[in-house]
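Note sheet for the following structure.
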2 protein chains.
Amino acid sequence: MENENTYSGVKEIARRAKVSIATVDRVLHNRTGVSEKTKKRINEIIKELNYQPNILASRLASKKVISIGVLIPAVSEETDFWEAPLRGIRRAESEIRQYGIQVHTFLFDLNNKRSFQEQSDLLLKTGVSGVLIAPSFIEEASTFAQECKRLKIPVICIDSNLPDTETLSYIGPHLSQSGYVGARLLTYRLQPDRKILFINISPEKESYNYIRIEEGFRSYFKDHNQLNDIVRIDLRDTDFLSVSKALLEAFQTHSEIGAIFVTNSRVFTIAKYLQEKGLTDIGLVGYDFIKENVVFLQNGTIDFLICHKPEDQGYRGVMSLYQNLVLGTSVEKAYFMPIDIVTKENEAFYQN
Amino acid sequence: MENENTYSGVKEIARRAKVSIATVDRVLHNRTGVSEKTKKRINEIIKELNYQPNILASRLASKKVISIGVLIPAVSEETDFWEAPLRGIRRAESEIRQYGIQVHTFLFDLNNKRSFQEQSDLLLKTGVSGVLIAPSFIEEASTFAQECKRLKIPVICIDSNLPDTETLSYIGPHLSQSGYVGARLLTYRLQPDRKILFINISPEKESYNYIRIEEGFRSYFKDHNQLNDIVRIDLRDTDFLSVSKALLEAFQTHSEIGAIFVTNSRVFTIAKYLQEKGLTDIGLVGYDFIKENVVFLQNGTIDFLICHKPEDQGYRGVMSLYQNLVLGTSVEKAYFMPIDIVTKENEAFYQN
DNA sequence: CTGAAAGCGCTTACAG
DNA sequence: CTGAAAGCGCTTACAG
């Protein structure tokens, strides 16, 4: 009387294949040192049993710690936007730490390309198994991603993507559709004869991202035969004084401005200007649920904030790497975040 | 030469307290059979080391399977709304199954209070450690929750709450604020001289939920001194014919209807009517991102859908129970879901 | 009231 | 190319 089926997992596989569990383990992890014959036999049994490894046991027994490198901008005095992804990253970290995953975070200065280089070098020296990156400096980030590829380290991008560079996944907004939604929101208060200011406040020149937003924005008006003039303004200097000056000029040049769209989180600068000048009748839509913006959302200066769940992006980024690295799960090439609409009325329960 | 600090976890605690790990385990889980003196000593060491148990090891060693009971409405031919929470529940289930958690789902018929009784009885017989419930039938659910309390089984409510009944947590919308947002959205297309139809289509009489939504809805108009007439219509029969008849009547009685608000996912019935009659100039706002509604959102008949992430509610509900039961984490008394605004433009990336 | 020992399902040297 | 054995950090009978 044989005892059958009393085993499960690797033990059962070993029993059926008449080998030791060490050999089963070798096959399970594609390690060398197993004859083709036994390998085949074991693989058949694995398939037959539809074997799913017990991750608990696996992580517990394995002393190996897997480390994930994160490379994102530091919070600056200008904006606390990057607080949110970091929060998500920390949350993910605390959930997977118990499984032996370490997260090493490297923060670079958004106004300093060198710091990006430095931090990315440091990251690589840490010897991580996977990388999460916000590729703010496209060229530099591209070079870095290529280096990772060479080292066979998977890379996931959040917030914006790396065109023409192969990465494991992109987690962030669908920019042109986001611009399209922005245009839609802007029209709620817009008279047909009014002009629109499309403002891009950023020290970066000609960013790929803003161009995609603008495409979507303009296509909304085209699709709906709305012929409002769209005046585009580019501002390299992000401080309030520079912005004020530019706005003053714009309002002098263009008399019939009915609404303003800002392509990023710096919309609060514009809101501040409008409030100071008492320009309450102008629609204003911009990006991101940051403290500075929410104040103006609450007092009605900003009509809508569009938001792409930055915290969630950080969380998902880390978790996707974890799943890919530890569980071997495949990851979607592109995960587009929802295009959230935040107003005065629903902001209290908004989840970043 | 003693080897120090070579141990960690329970072993280290045991070493320092000069007891066996079995005794440490007893203290860790508040089991009986430990003298006050050693108990105190061990607890001090636990605090000193800031000991965090390894859940991996704990769940692996423990043969105990923890089971969670779920009691929600079945998907009916009328609406597939409850598909979403179920999806979230299944997702949570698949994530925690590997830790030895079982989820038993019991579905009741929304048109049949008896089926609720039957399913809740069945659930209790299964001997679950925690319960997730959608308390559609308030009285019956209340009785059930009280029974759970007696049995010391924690209960979490999703979608709607159980007033006056003590539960571990509520995960769902802040209803009055949601109504407030709905009113806001309705006014984008509303002329000051037009009337509003506030429609409640539900076989249930005078539901607590709809009253909260109406409160919020009306307070928006009060807050903004908008004096539009709000005509409330209650429909017990949910089929298209009954609804059509009621609408026909309403439009005959009230000539100046400018917008319609529907308090739940049955807004598609109204949309169908408006479309058939060619009433394109009437604003329409309702609830829930279900297939039937999205069609009308896409073709412009419905202006906005408000949504409270039903899938996420199911997911969070199960995960909260898991955290409470397995990890002993405390759970927030009320977790209000975001009040999402879904339009034609952003629906493609909406996450339920 | 307390402890020694087996075991959860894996991984990892080590030996052959 | 393969296996025996120890061990990951806990829990659980069982014995005293």
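Order of the sequence lines fixes the chain letters, A, B, ..., with proteins taken first and strands second; residue numbering starts at 1 for each chain.
- Atoms CZ (B:Arg59) and C1' (C:dC10) sit 17 Å apart, rounded to a whole Å.
- Residue A:Leu86 comes nearest to A:Thr105 through the heavy atom pair CD1-CG2, 3.9 Å, listed as atom of the first residue, atom of the second, then distance.
- The pair A:Glu12-A:Arg16 counts as a salt bridge, with a side-chain nitrogen and a carboxylate oxygen less than 4.0 angstrom apart.
- The CG-C1' distance, from B:Leu49 to D:dG9, rounds to 15 Å in whole Å.
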Under 3.5 Å between N/O atoms: give me all the protein pairs with nucleotides 6-8 of chain D, atom names plus distance.
| residue | atom | partner | partner atom | Å |
| --- | --- | --- | --- | --- |
| D:dC8 | O2 | A:Ala61 | N | 3.2 |

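- The existence of a salt bridge linking B:Lys47 and B:Glu44 is excluded, since no basic side-chain nitrogen approaches an acidic carboxylate oxygen closer than 4.0 Å.
- Taking every heavy atom of residues 26-37 of chain A and every atom of DNA chain D, pairs under 4.0 Å involve A:Arg26, A:Gly33, A:Val34, A:Ser35, by number.
- In plain terms, the two heavy atoms of B:Tyr170 and B:Asp159 that are nearest each other are OH-O, 3.6 Å.
- Between B:Ser58 and D:dC10 there is no side-chain N or O to OP1 or OP2 distance below 4.0 Å.
- Rounded to whole Å, the distance from CZ on B:Arg41 to C1' on C:dC1 is 12 Å.
- Within the 4.0 Å cut-off from OP1 or OP2 of D:dT2, not a single side-chain nitrogen or oxygen of A:Thr23 is found.
- Atom OG1 of residue A:Thr167 and atom CG of residue A:Leu132 lie 11.0 Å apart, to the nearest 0.5 angstrom.
- Heavy-atom minimum distance, B:Ala141 versus B:Pro135: CB-CB, 3.5 Å.
- Counting only distance, with no hydrogens or angles, the side chain of A:Ser115 and the backbone of A:Asp109 share a donor-acceptor pair below 3.5 Å.
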**Prompt:** What pattern of brackets, bars and dots sums up DNA chain C from 5' to 3', given Watson-Crick or G-U wobble pairs under 3.5 Å, [ ] for crossing pairs and | for another strand?
**Reply:** |||.||||||||.|||
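- Side-chain contact between A:Ser136 and A:Pro73: present, with at least one pair of heavy atoms (C-beta onward) separated by less than 4.5 Å.
- Side-chain contact between B:Leu107 and B:Gln119 is absent, with no heavy-atom pair separated by less than 4.5 Å.
- Note: B:Phe144 and B:Phe116 have perpendicular aromatic rings, judged against thresholds of 30 and 60 degrees for the angle between ring planes.
- Nearest nucleotide to the B:Tyr51 side chain, out of D:dA13, D:dG3, D:dC10: D:dC10.
- With values rounded to the nearest 0.5 angstrom, A:Gln313 atom CD is found 10.0 Å from A:Ile89 atom CD1.
- Here the C1' atom of nucleotide C:dC10 and the CD1 atom of A:Ile46 are 14 Å apart, to the nearest Å.
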